[in-house]
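Read the structure below first, then the notes.
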Amino acid sequence: MNRPIKGLAALTAAALATLAAHEARAHGFAGDRFFPATILTDDPFVADEMSLVTLTQNPTAADGSKEADVGFDIAKRLTPDFDFTLSDQWKYIHQPGALPMVGFDALTTGVQYQLFVNAPHEAMALAGFQQTWAHTGRVQGAGAPDYTTLSPVLDWGKGMGDLPESLTWLRPFAVTGNFSYDFPLKTTSYTVNGPALHPNNFNAGIAIEYSLEYLQHHVRDVGLSAPFDRMVPLVEIAVSDPLNRGQDGQMTGTIQPGLIWAGQYYQIGAEAIIPINARTGHGYGGLVQFHLFLDDLFPNSIGRPLFGK
Amino acid sequence: MVLLLVAGASGGAWAHAFLDHAAPPVGSTLGAAPAVVQMWFTQSLEPAFSGVEITDATGARVDDGNPQFNQTLMQVGLKKLPPGEYKVHWHVISVDTHATEGNFSFKVTGQ
C-alpha cells in the first residue's frame, strides 16, 4: 500500500471509529416504535427537546373564570440516560366581574433517569423527580403557589408491535402513561379568602396512540404519503386526585383527543380539552403545540448529552 | 423560532432515518418471488454501520449478505425464494450518527 492510500485508509478508519463512538439512540425510539412527545402527559423517554410554545385556551373553570396560557418547556440530557427538565407558563385569567390578571405560573424543574428501553417489545420507562418552586410565579391574581411541591414520577410506554399476525391492524397502537405523587412542603396558605389547604395528590395520565407512521412503514403499505404517514391520532387523559386535608376524592382532570404530526426536526400537535367533571370546569378548550427535537436539529452541540456517549 | 424552522427544513443531512418506502412494499403479498429488496430512507445512510437481514419462517437467512447503498437507498439481493412469509429486519445509522431499526414482512404465494 503506498503512502497516500495508507493515509486515506487511516483517515477513513479514524472517521468510522469516531462515528461508532458517537452512535446515538434517537429520541423516543424503542425498536420499530417511535413515540411522539405527548402534550398532556409526560414522555417515557429522556431527550433533548423543547416545546416552544404551547398555546392553551382552557375550558371555563368551575368558578366561571376563563384562562389562556402560553407554555414553554425544555429537556436537556446530561448523560444519554439522564436529563434535566424545566417548564413554566404565562397565564391570562379573567374572572367574572373582575379585571383580567396576567402573570407567570410557578417554575417547575425536574430530573429523569431512563430505567430501560426494550426494543423487541417496544417498551420503555423512566423515573423522575419534579419540583414546583414556591414564589417563582405571580401568587396573587395568577394563582401561582407560595409553597414548593415535590413529586416523584414514573413514566412508561408500550407499543403493540409484538402482537400476533392475526391482530396486525392493532399493531400500530401504543400506550404511554405516568404516575406521580405530590408532597407540598406547606400544608396551609393564608389568603384574602381565608386559609387554603394543600393536599397530597395522586396524579395519573395515559395516552392512547395509533401511529400511521408505524402502520405505513412497519405493518402494511396502505399508500399513505406525506404528511399523513407521519401522523399520530391520540387521546390523552390525565387526572389529579387529592387524598387528604378535606379534599379527599375531589378528583379533577381532562380528556384530550387530538393529532400529532411528527417530522424529522419538529412536531406539531393540537388537542381539544374536555373536562371530566363540573369540578374541573365546563365547556371545552383547545391547545396547539410546536415542539422541537434538539438532538436532530443540533446533533453536534446542544442536541447531544453533556457527558457520555 | 423562524431560524430553527429554517435550520430544520434545510438540514437534509441530519436526523434519524425513517423508512420512506420499500419494494416489495411493506406487508405486501406477491405472486412471484422478488430478486432483490430495496428500501428508501428519509436520510442518507452510513453504509459501514447499516445493514439488513431477511429470513424465512424458520429463521434461515435468504438474502445474499451483501447490501448495496446509494445515499438513501439500501438494497440486497435474494436467493431464489419459495412460497412463504419473509421478514425483513433493517438497521441503519444516518450520517449524523442516529441509529434506527425496523422490521416488516412480505409474502410470496408463487401463483
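Keep in mind that the numbers below use all heavy atoms, side chains included, and drop hydrogens, waters and symmetry copies. Quick note on labels: first sequence line is chain A, next is B, and so on, each numbered from 1.
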Top residue by heavy-atom pair count (under 4.5 Å) with chain A, among B:Gly102, B:Pro25, B:Ser105?
-> B:Gly102
A:Lys76 with A:Asp48: basic N within carboxylate O range, under 4.0 Å = yes
What part of [X] gets within 4.5 angstrom of chain B, counting heavy atoms only: side chain, backbone, both, or neither?
| X | answer |
| --- | --- |
| A:Ala119 | side chain |
| A:Arg230 | side chain |
| A:Phe293 | neither |

Do the two ring centres, one from A:Phe34 and one from A:Phe45, sit under 6.0 Å apart?
-> no
Please list, in residue-number order, every residue in residues 208-221 of chain A that has a heavy atom less than 4.5 Å from any heavy atom of chain B; write 'none' if there are none.
-> A:Glu213, A:Gln216, A:His217, A:His218, A:Val219, A:Arg220, A:Asp221
Partner set under side chain to side chain donor-acceptor pair (under 3.5 Å) for A:Asp105, not counting sequence neighbours = A:Gln89
Around atom CD of B:Glu85, are there more than 12 heavy atoms of other residues, nucleotides or ligands at under 6.0 Å?
-> yes
Over 12 foreign heavy atoms within 6.0 Å of CZ, A:Phe228 | no
Residues that B:Phe106 engages under ring pair (Phe, Tyr, Trp, His ring centres under 6.0 Å), provided they are two or more places apart = B:Tyr86
Exercise answer: donor-acceptor pairs, residues 159-166 of chain A side-chain atoms, under 3.5 Å, sequence neighbours excluded:
residue, atom, partner, partner atom, Å
A:Asp162, OD1, A:Lys158, NZ, 3.1
A:Asp162, OD2, A:His121, ND1, 2.8
A:Asp162, OD2, A:Lys158, NZ, 3.1

Let me know which of B:Phe18, B:Trp40, B:Phe41 forms a ring-ring contact (aromatic ring centres under 6.0 Å, His included) with B:Trp90.
-> B:Phe41
